[in-house]
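Since the structure comes first, as structure tokens, the remarks are kept for the end.
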Amino acid sequence: DVKVTQSSRYLVKRTGEKVFLECVQDMDHENMFWYRQDPGLGLRLIYFSYDVKMKEKGDIPEGYSVSREKKERFSLILESASTNQTSMYLCATMGQIPDTQYFGPGTRLTVL
Amino acid sequence: DAKTTQPTSMDCAEGRAANLPCNHSTISGNEYVYWYRQIHSQGPQYIIHGLKNNETNEMASLIITEDRKSSTLILPHATLRDTAVYYCIVRVPNYGGSQGNLIFGKGTKLSVKP
């Protein structure tokens, strides 16, 4: 079974703090994704990576950056957290079968 | 992505089969049908996908009509842990990249009751 883990299930941060969310997968998948999920807005893609050190912007990259130094690890960085970044953050990977994405448990981030 | 229509909610008795329908009347020839579910406060979970033949795996079966305008996800023996929102997605398979964004509609909230 594919295992995708995220560093925290719940996180509370203050406005202006730098926030790191980490995602680790154990299936040697090339593609990794960061989404946020908000009520009524569904899943929205923030960034994705198709290989080590390769990244591309998704639909809502503003206020975020990512890092992929190793194949199994994809980090999402909020440079200066704001209250509108309060959300559920979901990491996913995709292997050889297209569009079969495997999600982590999610991190519920609250920015005060 | 082709538009899909699913019932807002359904109930199912524990141990019985849960049949979740999805209409996708505008599906095109190269679009697949994917099913995901999301249990409350967890990440989405891939269930199954297919093009035109019926598919079965350890989680569920997928029945696609011959004209491909609708499909049914079948959970053969529903348990309380199958209570979740089930999403039907129709799209051309994507190998990642800028089109890798999965777009979930409203889905069907399945409640499995004892």
Let's test your reading of the structure: which of B:G105, B:G107, B:P44 forms the most heavy-atom pairs below 4.5 Å with chain A?
B:P44
When A:C91, A:P105, A:G42 are compared by non-hydrogen pairs under 4.5 Å with chain B, the top option
A:P105
Proximal component of A:Q37, with respect to chain B [non-hydrogen, under 4.5 Å]:
side chain
Find out if a path of hydrophobic residues (ILVMFWY) with successive side-chain heavy-atom gaps under 4.5 Å connects A:M32 to A:L45.
no
Measuring from A:M94:CE to B:Y46:OH, what's the distance to the nearest 0.5 Å?
12.0 Å
Distance from A:L43 atom CG to B:Y36 atom OH, nearest 0.5 Å?
10.0 Å
Distance, nearest 0.5 Å, that separates CD of B:Q42 from CZ of A:R9:
6.5 Å
Taking a hydrophobic cluster as the set of Ile, Leu, Val, Met, Phe, Trp and Tyr residues connected by side-chain heavy atoms closer than 4.5 Å, whether directly or through intermediates, do A:Y35 and A:L78 fall within one such cluster?
no
If the condition is side chain to side chain donor-acceptor pair (under 3.5 Å), which residues does A:S82 pass it with, not counting sequence neighbours?
A:N84
Could you tell me which non-hydrogen atom of A:L90 sits nearest to which non-hydrogen atom of B:G43, and how far apart they are?
CD2-CA, 3.5 Å
Kindly work out whether a path of hydrophobic side-chain contacts (I/L/V/M/F/W/Y, heavy atoms less than 4.5 Å apart) joins B:Y86 to B:I27.
yes
Same cluster or not: are A:Y102 and B:V85 linked, directly or through other Ile, Leu, Val, Met, Phe, Trp or Tyr residues, by side-chain heavy atoms under 4.5 angstrom apart?
yes
For residues A:Y50 and A:V66: do they belong to one hydrophobic cluster (side chain heavy atoms under 4.5 Å, members Ile, Leu, Val, Met, Phe, Trp, Tyr)?
no
